[in-house]
Structures are given as structure tokens and as C-alpha cells.
Number of protein chains: 2
Amino acid sequence: MSPSPEECGREVLDVVPLVMRTIRAEMRHHRTPELSVPQFRVLTFLNRHEGASLSDVADHIGLTLPSMSKIVDGLVARNLVTRQTHPGDRRRVKLALTTEGQAALHSARELTQASLAERLAVLSPSERTTIVQAMLALRSIFDSGREAKTDIVR
Amino acid sequence: MSPSPEECGREVLDVVPLVMRTIRAEMRHHRTPELSVPQFRVLTFLNRHEGASLSDVADHIGLTLPSMSKIVDGLVARNLVTRQTHPGDRRRVKLALTTEGQAALHSARELTQASLAERLAVLSPSERTTIVQAMLALRSIFDSGREAKTDIVR
DNA sequence: TATTGTTATACTCTATAACTATA
DNA sequence: TATAGTTATAGAGTATAACAATA
């Protein structure tokens, strides 16, 4: 029998924080330089959305503007991101990765991914297929960037 | 073709933080009283391991002793957990849930689970089956409590 | 007046270092 | 001396409230 949404929710609630703990620990331990999870997500977003505004990023990551402003402060201070006034609307801010930011993103992604891969390698190919399919399904309902494109009303 | 460990790692790295963001937000918004993710995890652990020491909890959750000490401070202050000297070894501490702690845990779990279930409900039964199977597989390689019982050497 | 950000303030989570108490 | 915890200190992440600048 297939699991109810409730049963499924229980499993997700049990396991996702567990995996997250490892991801966070890996990010902390991989220098070059170390990136926190939210920092990493901001860099990832900016990599795909060059010139995004602070609001764009905050909306996508799901944080308030002040929170995002502070995170960006840190990234700018570390020269991973540039913050310029938007030409045309001087209230807005235009964010972009520096070369250093691109390198940091790439490096963090590679290293964290590799350490996850190391653990995932002990699973069978079919188990990995299941995981990838599950991630796809979860992404479709948890990615706020995509919510707008679907009919999910909250 | 089935995904390589690397491809699988990439998906997990993309999607898990996304889901985690929602879990965290839900926990924050569900009063009764609101519990953070780490607090929730500590209560969950204590629910299954009555009388555990601070080190037991810290090891399981993957935090340092001072970090855990502080989290427990907060839980004790809110009367969700009791902290007593261990009889027999007075260096150790014996932690347990209060009745209020049990209620808070139950309530937070129900509410968060329900909101996850709401999102998961839009998926097909077979997608939910896939997710549950994926969670099972992920748990087997990310649950540090189980690592000791398997042959995973890190 | 509405929108975009920043600053001020406060709390939690997390770590390392230094310390206390017990074994 | 080694182990279990706590305290001190510091930094990141997060929020709400108040503010400034621009449209």
C-alpha cells in the first residue's frame, strides 16, 4: 500500500534534518573558504540569476530582507559578491558573483557533493535512482521559485 | 541509466536545504510553544532515550558539549526538560522530558508533519512511495545512531 | 503613498577556550 | 590524569521594528 501524505511527512521530518546536519558539517569543514548553507544558497542563486536584486534573492531563499541584507554584507566583505546600485531604479541593488565568488561556489559544491557521494556510494544503483526521483518530486513542491509556475496555492 | 553517486549527491545538495527551509519555518510558526529544529531534535532523542546524559545527546545530534549545554539550558528554562545529577556518577547529568516537554514534542511533530503532508498530498501515491523509500535509504547512511551498528567506517 | 534596502536590537545556534567538579 | 559539564566569549543566522531613500 502506498503511504499517506501524513506517513510521508513523518519520514521527511525524521530524515531531512539528519541529512542537513551532515551537509552543514561538510560545508563548515571544507575550507576554500568555508561557506554556510545560506551563503552557499545565495551564491548558487546569484550564479543563475546574475544582477538579481536583494528582494529577488530574499524571496527565493525564503528569508526576510534584513536577514538577507546581513548575509550579503558578509559575502561582500569577503569579496564573493558585488553590490551596486541598479541603473534605472536607484532604490534597488544589483548583486553579482565576483570571480572569487564563482570559484568559492564551485569549490564548495564539489567538495560537499563529493562527501555526500561517498556516503551514497554504498547504496545500490536502484536506491540512488529512487533518491534522485524523490528529490525531483520534493523539489517540485518545495521550491518557492517554482511555486509561482504551478497551481499550488498556500 | 541509474545515477552515479555524484549525480545523486548533487540532487540531495540542491533539494534538502530547500525542504529544510520549510521545516524550519513551520516549526517557527507553530506555537505551542514554538520549537527550533535543534530543540525539536533534542526532545525527540530524549523521548526515546529517557535519562540520557548531555554527552549522549550531543553525540547523537552532532553538536559540541557547550552547544548542547546551552540548548538544554533553554529547554530546562522552559520547563520542557529536567536536568538532574546522575546517581552513581556525579559528573554526569540525567536528562528527561517533562510532561510539558512530551506534549510540546507531540504537538510540534503533529503540526509540522501536517503541513508537510499538505504539500505532499499534491503528489501521486507512487511519488510518495518513492519519497518514503528514499528517506529510508538516506536514513540508513546518515543516521549516526545507526552507523555504529553497520560497517560504515568514516 | 508605496517600494527597496539598511540599521537597530534581540534571540538562537554554534564553536573554541578556559574552567570546575568528579572519578 | 581523564572525563563530564559549564561558563565566557564570539560570530553567524534569523526576526521585528524603525528608518532612509527613491519612485
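Source: prediction; values computed, not measured. Letters go in sequence order (proteins before strands), and every chain restarts at 1.
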**OP:** Measure from CG on A/Asp59 to C1' on C/dT3 and round the result to the nearest Å.
**Re:** 13 Å
Subject >> Electrostatic pair A/Arg139:B/Glu11 at N-O distance under 4.0 angstrom >> reply: yes
**OP:** Please report, rounded to the nearest Å, how far the C1' atom of C/dC13 is from the CD atom of A/Gln39.
**Re:** 15 Å
Original post:
Which whole-number value in Å describes the distance from B/Arg24 CZ to D/dA15 P?
Top reply: 10 Å
All N/O contacts under 3.5 Å from nucleotides 16-20 of chain D to the protein, with atom names and distances to one decimal?
none

**OP:** Using atom CE of A/Met20 as one end and atom P of C/dC13 as the other, report the distance to the nearest whole Å.
**Re:** 15 Å
Original post:
What integer distance in Å separates B/Lys94:NZ from D/dA4:C1'?
Top reply: 16 Å
**OP:** Indicate whether OP1 or OP2 belonging to C/dT3 is found under 4.0 Å from a side-chain N or O atom of A/Ser55.
**Re:** no
**OP:** Identify the two heavy atoms, one from B/Arg83 and one from B/Ser69, that lie closest to each other, and give their separation to 0.1 Å.
**Re:** NH1-O, 4.1 Å
**OP:** Using a 4.0 Å heavy-atom cut-off across all strands, classify A/Arg83 as base, sugar-phosphate, or nothing.
**Re:** sugar-phosphate
**OP:** Would you check if A/Leu75 and A/Gln39 make a side-chain contact, meaning some heavy-atom pair closer than 4.5 Å?
**Re:** yes
Subject >> Along DNA chain D (nearest heavy atom to each residue), the more 5'-positioned of A/Asp89 and A/Met68 >> reply: A/Met68
Original post:
To the nearest Å, how far apart are A/Leu65 CG and D/dG13 P?
Top reply: 17 Å
Original post:
Taking for each residue the nucleotide of DNA chain C bearing the nearest heavy atom, is the 5' side occupied by B/Ile71 or by A/Leu54?
Top reply: A/Leu54
Original post:
Under 4.5 Å between any side-chain heavy atoms of B/Lys94 and B/Pro87, yes or no?
Top reply: yes
Original post:
Would you say the base of D/dT14 and the side-chain of A/Lys70 have a donor-acceptor pair closer than 3.5 Å?
Top reply: yes
Subject >> Note, A/Arg90 side chain near A/His86 side chain (heavy atom, < 4.5 Å) >> reply: no
**OP:** Could you check which of C/dC13, C/dT6, D/dG5 has an atom nearest any side-chain atom of B/Pro38?
**Re:** C/dC13
Subject >> Distance below 4.0 Å between B/Ser69 side-chain N/O and D/dT6 OP1 or OP2 >> reply: yes
**OP:** Mind calculating the distance between NE2 (A/His86) and C1' (D/dA23) to the nearest angstrom?
**Re:** 13 Å
**OP:** Measure the distance from CE on B/Met27 to P on D/dA15 and round it to the nearest whole Å.
**Re:** 16 Å
Original post:
Under the 3.5 Å rule, do the base of C/dT3 and the side chain of A/Arg91 count as making a donor-acceptor pair?
Top reply: yes
Original post:
Sub-3.5 Å donor-acceptor pair from the side chain of B/Thr98 to the main-chain atoms of B/Leu80, do we have one?
Top reply: yes
**OP:** Answer yes when A/Asp14 and B/Arg109 have at least one side-chain N-carboxylate O distance shorter than 4.0 Å, and no when they do not.
**Re:** yes
Original post:
Quick one: which of C/dT14, D/dA4, C/dT22 gets closest to the side chain of B/Arg92?
Top reply: D/dA4
